[in-house]
Amino acid sequence: MEDDGIAYWFIMSARYFRNLCSDRPSEIFYQNPRYILFIHLVVNDMIQVMLTVILFVISYTLYKISSSICCIIMLITLFTTENTPLNVACMAIECYIAICLPLRHSRICTIKKTLMLIGLIWATSMSVVLPDLFVTLATQPLDFFHFTRVCHKRYIFPNPVLVKKSSIIHSVFLVIVWFTIFYTYFRILFTARAASKDSKKARNTIILHGFQVLLYMAKYVGPNLQDVVQQHFLVNYFDSMFAFYIIVHILPRSISPIIYGVRDENFRKYLNRNMLCKCSFTKDRRQSWR
């Protein structure tokens, strides 16, 4: 059941992104900073889910793989995992500017600055993850990456200092992202008192952002939760870890299409038109076959 859910989410996300990239009407989405950030979020999450699923399949089947191959997969997975909460926080800021500073929105949120912001997100994630690789290269023997081992972060980057480093950085990220969400939420909440329909919708979006980020933040305490799972669910450890993976990684990423797909008027119109066209085309083709 869980495997079918992941496959369904991934296929729908792939179709969603393909439609945005292949159809001419979707060009309007590349001219809006909000949609640019959303498309980046969708692509980033697709890569993250695909790689984590690969790691899970490897852990269930091969169990051990080459450390060098695992390191490459692990680095890209960590990059995309760190990107997501930062991307969500940036989207909350853009929403805040659009509602609370509408006259300055077009000057602050330009396409060029949005692309620079995406580059900054990747640079921040790399600055968090790459030190793990550098420390491992400096402390481990040269043949460390020539052996096969379980493809897990604690075995690929085994230095105990890295665990403390990750805990400190994740705590800082937790404070920054949550402060951003709360600040934007309350500012939009005060602005929404004017009873503007758009402001109420943006306020609800920020609430969903908060719930989404809350789930994302669970990964920052992931190592501690994994230790608890290992101690109390040793018999069904792999099943428990898979449930942990669904809750921490899959569930928050499944909320993004709801926030920016179904609830967004432009996306909803585009998707409805696109789906109706495809359904009518399929129906006409089936009738022609008859």
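Only this structure's heavy atoms are used, side chains among them; waters, hydrogens and symmetry mates stay out.
Considering CD1 of Ile36 and CD1 of Ile111, their distance stands at 5.0 Å, rounded to 0.5 Å. Going from atom CD1 of Ile169 over to atom NZ of Lys164 covers 14.5 Å, rounded to the nearest 0.5 Å. Phe145 contributes atom CZ, which lies 12.5 Å from atom CD1 of Ile69 (distance to the nearest 0.5 angstrom). Separating the CG atom in Leu75 from the CG atom in Leu130 is a distance of 6.5 Å, to the nearest 0.5 Å. The CE atom of Met50 sits 8.5 Å away from the OG1 atom of Thr77 when rounded to the nearest 0.5 Å. Between the SG atom in Cys151 and the CD1 atom in Ile54 there is a gap of 10.5 Å [rounded to 0.5 Å].
A donor-acceptor pair is defined here as one N or O able to donate and one able to accept, closer than 3.5 Å; such a pair exists between the side chain of Thr52 and the backbone of Val49. Side-chain atoms of Ser67 come within 3.5 Å of backbone atoms of Phe147 as a donor-acceptor pair (strictly under, hydrogens ignored). Side-chain atoms of Arg149 come within 3.5 Å of backbone N or O of Phe144 as a donor-acceptor pair.
Using the six-membered ring where Trp is involved, Phe179 and Tyr183 have ring planes that are parallel, under 30° apart on the 30 and 60° scheme.
There is no path of hydrophobic side-chain contacts, each under 4.5 Å, that joins Leu86 to Met116. Cluster annotation: Ile76 and Phe134 are assigned to the same hydrophobic cluster (Ile/Leu/Val/Met/Phe/Trp/Tyr, side-chain heavy-atom contacts under 4.5 Å, transitive). With hydrophobic clusters built from ILVMFWY side chains whose heavy atoms lie under 4.5 angstrom apart, Met74 shares a cluster with Leu62. With hydrophobic clusters built from ILVMFWY side chains whose heavy atoms lie under 4.5 angstrom apart, Tyr63 shares a cluster with Tyr155. Ile97 and Ile176 are assigned to two separate hydrophobic clusters, defined by single-linkage of ILVMFWY side chains at heavy-atom distances under 4.5 Å.
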Q: Give the C-alpha distance, both sets of side-chain angles, the deciding distance and a yes or no for side chain to side chain contact (heavy atoms under 4.5 Å, CB included) between Phe157 and Leu78.
A: CA-CA 12 Å; Phe157 307 123; Leu78 293 174; 4.1 Å; yes
Q: Let me see the working for Cys71 and Leu133 under side chain to side chain contact (heavy atoms under 4.5 Å, CB included), right down to the final yes or no.
A: CA-CA 8 Å; Cys71 182; Leu133 175 62; 3.8 Å; yes
(Q) Show, in sequence, the C-alpha distance, side-chain angles and deciding distance for Phe38 and Val43, and conclude whether the side chain to side chain contact (heavy atoms under 4.5 Å, CB included) test is met. (A) CA-CA 9 Å; Phe38 172 60; Val43 176; over 6 Å; no
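Of all heavy-atom pairs between Ile108 and Lys113, the closest is O-CD, 3.0 Å. Scanning all heavy atoms of the two residues, the minimum distance from Arg187 to Cys100 falls at O-SG, 3.7 Å. Summarising the geometry of Cys70 relative to His152, their closest heavy-atom pair is SG-N, 4.2 Å, with the distance given to 0.1 Å. Closest approach of Val177 to Ala89, counting heavy atoms only: CG1-CB, 4.3 Å. The shortest non-hydrogen separation linking Asn87 to Leu37 is ND2-O, 3.4 Å. Annotation for Thr136 and Ile156: closest pair CG2-O, 3.6 Å, computed over non-hydrogen atoms.
In this structure, a donor-acceptor pair under 3.5 Å is present between the side chains of Asn44 and Thr84.
Applying the salt bridge (charged side-chain N to carboxylate O under 4.0 Å, His left out) test to residues at least two apart or on different chains, the pairs with a partner in residues 128-145 are Asp132-Lys153, Asp132-Lys165.
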